**Q** 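Handing you a structure now.
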Amino acid sequence: MESEHTREEKPGITRKTLFKAALIATPVPLLIGQVPALARDAAGTGQTLTPTPYCDDGDDPTPPQIEGPYFKPNSPQRSVLPGAGTTLTLSGYVFGLSCQPLANVLLDFWQADSNGAYDNVTYNFRGHQYTNAQGAYKLTTIVPGLYPGRTRHIHVKVQAPNQPILTTQLYFPGEPRNSTDTIFDPALLMTVRTVGTGREATFDFVLNVKGGPPTSPPPGGGTWKAGVTYQAGDQVTYGGATYRCLQGHLSQAGWEPPNAPALWQRV
């Protein structure tokens with residue numbers, strides 16, 4: 001089902017090995033601010049995107065069972081995974097190979113709690129959702145604890161309608177265990193920053209499908225724009241409402257005022 005994501009192992013030092021070593025040696029502020037590049041940055045360039053790789057947990061009995069020992073089917077549909085811990089808001093888009101966002105894509109998330117334990121009885125820290133008409137998703141959860149032998153990570157299955165399932169994991173930059181986790185892949189690093197007492201993360205998935213344009217134009221309209229450095233106190237309009245900037249930041253797609261209450265307050 002996931003044969004199109006199969007990787008060929010090559011002996012010796014590879015480009016990926018060198019890239020991984022460089023990432024591990026990079027200071028955390030540089031990592032958080034600059035890697036990895038988001039797929040949305042290539043929109044409009046006409047280039048073909050590289051599919052998001054899958055991740056093998058290593059303890060699976062057979063290679064196709066790459067979701068690890070703690071996956072449970074039939075998770076509830078929800079975008080908020082409640083629980084005690086440091087709040088983490090993860091958002092982004094799902095694209096096809098042609099840089100077009102994909103609507104109605106299933107994203108099924110599961111993770112450890114703040115102590116590194118998985119709930120295998122109920123559905124704590126498990127839930128699925130679908131991308132909207134613009135290919136966007138948003139998950140509110142907590143920063144997962146460390147699981148023995150692993151670096152900090154979040155599991156996810158991503159499936160476009162009538163397409164194969166991508167099972168992968170997302171990682172946090174600057175984690176000490178990234179350098180010792182044999183499964184860790186720098187291509188799966190989220191862009192993470194601290195906001196108040198919580199953290200905000202961004203990751204764009206790229207599925208190995210041709211895809212098509214979104215089913216409707218993105219909402220909004222107004223003076224807010226992506227790629228602008230806003231200062232605290234600045235005011236913008238978006239979707240017919242006025243918002244005040246709460247803290248200085250460089251705006252980007254996915255951080256529109258209604259989606260970023262930590263950055264914008266409606267007035």
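When a residue number appears, it is its place in the shown sequence, counting from 1. Both backbone and side-chain heavy atoms feed into the values below; hydrogens, waters and symmetry mates do not. Keep in mind it's a predicted model, so treat the numbers as computed, not measured.
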**Q** Considering residues at least two apart in sequence or located in another chain, which fulfil the side-chain contact (heavy atoms from CB on, under 4.5 Å) criterion with T237?
**A**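 With neighbours one apart ignored, the set is T223, T242.
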**Q** Who else is in the cluster with L106 when I, L, V, M, F, W and Y are joined by side-chain contacts under 4.5 Å?
**A** Y130
**Q** Please walk me through it: do W264 and Y238 pass ring pair (Phe, Tyr, Trp, His ring centres under 6.0 Å)?
**A** CA-CA 11 Å; W264 296 98; Y238 185 86; 9.5 Å; no
**Q** Would you check if T202 and L38 make a side-chain contact, meaning some heavy-atom pair closer than 4.5 Å?
**A** yes
**Q** Show, in sequence, the C-alpha distance, side-chain angles and deciding distance for Q111 and T141, and conclude whether the side-chain contact (heavy atoms from CB on, under 4.5 Å) test is met.
**A** CA-CA 9 Å; Q111 67 172 79; T141 180; 2.9 Å; yes
**Q** Taking atom CG of L88 and atom CE of M190, what is their separation to the nearest 0.5 Å?
**A**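 Answer rounded to 0.5 Å: 6.0 Å.
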**Q** Would you sort out whether D113 and N124 count as a side-chain contact (heavy atoms from CB on, under 4.5 Å), showing the intermediate values?
**A** CA-CA 8 Å; D113 63 18; N124 290 328; over 6 Å; no
**Q** Minimum heavy-atom separation for P53 and A187, please, with both atom names.
**A** CG-CB, 4.0 Å
**Q** Between R177 and R152, is there a donor-acceptor pair closer than 3.5 Å when you use the side chain of the first and the backbone of the second?
**A**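 Flag not set: sc R177 to bb R152 has no pair under 3.5 Å.
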**Q** Once you measure the plane-to-plane angle for Y118 and H153, does it fall in the parallel (<30°), tilted (30-60°) or perpendicular (>60°) bin?
**A** tilted
**Q** Do V228 and W224 sit in the same hydrophobic cluster, where Ile, Leu, Val, Met, Phe, Trp and Tyr count as joined when their side-chain heavy atoms come under 4.5 Å apart?
**A** yes
**Q** Quick one: which of F203, Y93, F205, F95 gives a ring-ring contact (aromatic ring centres under 6.0 Å, His included) with Y137?
**A** F205
**Q** Testing the basics here: between P51 and L97, what is the closest heavy-atom pair and its distance to 0.1 Å?
**A**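 Scanning both residues completely, I find the closest heavy atoms to be CG-CD2, 3.7 Å.
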**Q** Which value, rounded to the nearest 0.5 Å, describes the distance between C245 atom SG and Q231 atom CD?
**A** 7.5 Å
**Q** Name the orientation class of the two ring planes belonging to Y147 and Y70 (parallel below 30°, tilted from 30 to 60°, perpendicular beyond 60°).
**A** perpendicular
**Q** Please examine the side chains of P101 and Q134, heavy atoms only from C-beta on, and report whether any two atoms are closer than 4.5 Å.
**A**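 In short, these two side chains do not touch, never coming nearer than 4.5 Å.
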**Q** Counting only pairs under 3.5 Å, give me each side-chain donor-acceptor contact of residues 71-86, with atom names and distances, residues two or more places apart or in other chains.
**A**
unit_1	atom_1	unit_2	atom_2	d
K72	NZ	V121	O	3.2
K72	NZ	T122	O	3.0
S75	OG	D108	OD1	3.0
S75	OG	H128	N	3.4
S75	OG	H128	ND1	3.2
R78	NE	R126	O	3.0
R78	NH2	Y123	O	2.5
R78	NH2	R126	O	2.9

**Q** Between Q169 and R150, is the side-chain contact (heavy atoms from CB on, under 4.5 Å) condition met? List the steps.
**A** CA-CA 12 Å; Q169 300 175 39; R150 293 296 318 282; 2.9 Å; yes
**Q** Nearest 0.5 angstrom please: L263 CG to E256 CD, how far?
**A**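 One gets 11.0 Å once the value is rounded to the nearest 0.5 Å.
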**Q** In a check of side-chain contact (heavy atoms from CB on, under 4.5 Å) between V206 and each of T48, L49, V158, which one passes?
**A**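 Answer after filtering T48, L49, V158: L49.
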**Q** Between P186 and Y171, is any pair of side-chain heavy atoms under 4.5 Å apart?
**A** no
**Q** Do V195 and I154 share a hydrophobic cluster, counting only Ile, Leu, Val, Met, Phe, Trp and Tyr and linking them when any side-chain heavy atoms are less than 4.5 Å apart?
**A** no
**Q** Would V156 and T168 count as a side-chain contact (heavy atoms from CB on, under 4.5 Å) if you check the C-alpha gap in whole Å, the side-chain angles of each, and the deciding distance to 0.1 Å?
**A** CA-CA 6 Å; V156 60; T168 194; 3.6 Å; yes
**Q** Sub-3.5 Å donor-acceptor pair from the side chain of T131 to the main-chain atoms of N104, do we have one?
**A** yes
**Q** Can you tell me how far apart CG (N208) and OH (Y54) are? Round to the nearest 0.5 Å.
**A**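 Here the interatomic distance stands at 13.0 Å.
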**Q** Do N178 and F172 touch side chain to side chain, with heavy atoms closer than 4.5 Å?
**A** no
**Q** When rounded to the nearest 0.5 angstrom, what distance separates CG in L246 from CG in D234?
**A**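 The distance works out to 11.0 Å.
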**Q** Roughly how far, to the nearest 0.5 Å, is the CG atom of L170 from the CG atom of D185?
**A**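 Separation between the atoms: 11.0 Å.
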**Q** Give me the atom names and distance for the closest heavy-atom approach of Q129 to K138.
**A** NE2-O, 3.1 Å
**Q** Where is the tightest heavy-atom contact between V192 and A201, given as atom of each residue plus distance?
**A** CG2-CB, 3.9 Å
